[in-house]
Each structure stands twice: as structure tokens, then as C-alpha cells.
> 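Provided herewith is a single structure, encoded as C-alpha cells, for subsequent inquiry.
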Amino acid sequence: MAQFYVNQNQQTGGEHEVHVEGCDFMPFEQNLLELGGHEDCAAALEVARNTYDDVNGCKHCCPDCHTK
């Protein structure tokens, strides 16, 4: 299982981006909220939606969940 995190800072489009541990585009550690271990990005996005209404997968590390 991979570890996932969501950026607590909004992107320019208003969404909070979900990253997998080790992503080259991971935000600073103090801006991350840990989502835990998940089999895929879709499961991690569901957990992120418990905190933020607008979430999106990182286009680099979670391309299957990137929609914007």
C-alpha cells in the first residue's frame, strides 16, 4: 500500500491536491495532511473529501485521479 497526502493549501483552481509519498512535486511537509495507506488514488481521494470538498489527484504521481 502506498502512503498518500493532501496539500492543505489550495491550488490556483481552488482544489486540494493529493500526492503519493515520494512525488517530486510534493508540497512542503508542514502543508501536508496524511491520508494513510491506500491501494489506489481513488481511495485516498475519498478520505481527502472528508476534509476538503474540492480535491484532485496530482497529474504527476496520481494521473488516474487527475481531472483538472
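The residues of the chain are indexed from 1 along the displayed sequence. Since the model is a prediction, treat every value here as computed from it, not as a measurement.
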> Main chain of Asn7, side chain of His16: is a donor-acceptor contact present, judged purely on distance under 3.5 Å?
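Yes, His16 side chain to Asn7 backbone: donor-acceptor pair under 3.5 Å.
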
> Measure the shortest side-chain to side-chain distance between Leu32 and Met26 over non-hydrogen atoms and say whether it is less than 4.5 angstrom.
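Counting from C-beta outward, Leu32 and Met26 do come under 4.5 Å.
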
> Sequence neighbours left out, what passes salt bridge (Lys or Arg N to Asp or Glu O under 4.0 Å) with Asp54? Give chain and number order.
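Asp54 satisfies salt bridge (Lys or Arg N to Asp or Glu O under 4.0 Å) with Lys68 once adjacent residues are dropped.
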
> Nearest 0.5 Å, please: how far is NE2 in His60 from SG in Cys23?
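Cys23 atom SG to His60 atom NE2 measures 7.0 Å (nearest 0.5 Å).
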
> Any side-chain heavy-atom pair from His38 and Val47 closer than 4.5 angstrom?
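Yes. Closest side-chain heavy atoms under 4.5 Å.
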
> Looking at CG of Leu35 and SG of Cys41, how far apart are the two atoms once the value is rounded to the nearest 0.5 Å?
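That separation rounds to 11.5 Å.
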
> In chain order, what residues pass the side chain to side chain contact (heavy atoms under 4.5 Å, CB included) check against Leu45, with sequence neighbours excluded?
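Leu45 satisfies side chain to side chain contact (heavy atoms under 4.5 Å, CB included) with Val18, Arg49, Val55, Cys65 only.
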
> Could you grab the distance from atom CG of Asp40 to atom CZ of Phe4, nearest 0.5 Å is fine?
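Asp40 CG to Phe4 CZ: 7.0 Å, rounded to 0.5 Å.
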
> Is Thr51 close to Val6 at the side-chain level, that is, under 4.5 Å between some pair of heavy atoms?
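No, every pair of side-chain atoms sits at 4.5 Å or beyond.
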
> Do the two ring centres, one from Tyr5 and one from His19, sit under 6.0 Å apart?
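No, the ring of Tyr5 stays outside the 6.0 Å limit from the ring of His19, centre to centre.
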
> For Asn56 and Thr67, indicate whether the former's side chain and the latter's backbone hold a donor-acceptor pair under 3.5 Å.
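Between the backbone of Thr67 and the side chain of Asn56 there is a qualifying donor-acceptor contact (under 3.5 Å).
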
> For Asn50, does the CG atom have more than 12 heavy-atom neighbours from other residues, nucleotides or ligands under 6.0 Å away?
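Check passes, neighbour count above 12.
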
> Please give me the minimum heavy-atom distance between Glu34 and Gln3, naming the atom from each residue.
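Glu34 and Gln3 have their closest heavy atoms at OE2-NE2, 3.0 Å.
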
> What pairs meet the salt bridge (charged side-chain N to carboxylate O under 4.0 Å, His left out) rule with one or both residues in residues 9-22, with sequence neighbours excluded?
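Residue pairs with at least one partner in residues 9-22: there are none.
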
